[in-house]
*Asks:* 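I have a structure here, written as structure tokens, and I will follow up with some questions on it.
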Amino acid sequence: MADTDARSDDTAATQRLGRITFRAWRRGFRECDMVLGPFADAVGPSLTAEELDAFEALLGQDDDHQLYAWITGTEAAPPEHETILMGKIRDFMRDHVAHAVNEGIG
């Protein structure tokens with residue numbers, strides 16, 4: 001019985017990450033898509049449940065321009081979004097996305 005429960009948990013986690021990844025790639029603001037989509041693909045599987053909660057909350061923001069400003073640091077993120085996850089997104093952008101932009105992504 002325990003194996004069935006473990007598989008159910010894995011399936012639920014996989015489905016949740018799939019929904020998050022879909023939303024991350026389809027923000028409607030290309031700059032956010034080019035950060036959050038690849039982040040979800042590359043880092044998403046290693047995020048904790050708490051980090052996935054923070055990611056979902058971040059994706060719930062309506063203003064993509066403001067969200068992008070929080071990620072780039074041109075505006076301070078509100079305290080509820082200044083999380084370990086935001087640090088990981090910023091690191092990912094600095095280490096991976098900025099290089100891809102310089103190479104002509106988009």
*Asks:* Looking only at heavy atoms, which two atoms of Pro45 and Ala40 are closest? And how far apart?
*Replies:* CD-O, 3.6 Å
*Asks:* Which residues pass the ring-ring contact (aromatic ring centres under 6.0 Å, His included) test with Phe29, not counting sequence neighbours?
*Replies:* His65, Tyr68
*Asks:* Please round to the nearest 0.5 Å and tell me the distance separating atom NE2 of His81 and atom CH2 of Trp70.
*Replies:* 4.5 Å
*Asks:* Do Arg23 and Arg19 come within less than 4.5 Å of each other through their side chains, counting heavy atoms only?
*Replies:* no
*Asks:* Mind checking the CD1-CZ spacing from Ile89 to Arg94? Nearest 0.5 Å is all I need.
*Replies:* 13.5 Å
*Asks:* With sequence neighbours excluded, what pairs up with Phe55 under the ring-ring contact (aromatic ring centres under 6.0 Å, His included) test?
*Replies:* Phe39
*Asks:* Mind checking side chain to side chain contact (heavy atoms under 4.5 Å, CB included) for Ala69 and listing every partner two or more places apart, or none if nothing turns up?
*Replies:* Thr74, Glu75
*Asks:* Return yes when atom CG of Asp63 has more than 12 non-hydrogen atoms of other residues, nucleotides or ligands closer than 6.0 Å, and no otherwise.
*Replies:* yes
*Asks:* Show the numbers, then the answer: is there a side chain to side chain contact (heavy atoms under 4.5 Å, CB included) between Leu58 and Thr83?
*Replies:* CA-CA 10 Å; Leu58 198 60; Thr83 62; over 6 Å; no
*Asks:* Can you tell me which residue pairs pass the salt bridge (Lys or Arg N to Asp or Glu O under 4.0 Å) test with a partner in residues 34-60, sequence neighbours excluded?
*Replies:* Arg16-Asp53, Arg16-Glu56, Glu51-Lys88
*Asks:* Starting at CG of Leu67, measure out to CG of Leu36 and round the result to the nearest 0.5 Å.
*Replies:* 5.5 Å
*Asks:* Does the Arg26 side chain pair with the main chain of Gly37, one donor and one acceptor, at a distance under 3.5 Å?
*Replies:* no
*Asks:* For residues Thr72 and Val35, determine if any side-chain heavy atom of one lies less than 4.5 Å from a side-chain heavy atom of the other.
*Replies:* no
*Asks:* Using salt bridge (Lys or Arg N to Asp or Glu O under 4.0 Å) as the criterion, list what pairs up with Asp64, not counting sequence neighbours.
*Replies:* Arg27
*Asks:* Applying side chain to side chain contact (heavy atoms under 4.5 Å, CB included), can you list everything that pairs with Glu80, at least two apart in sequence or on another chain?
*Replies:* Pro78
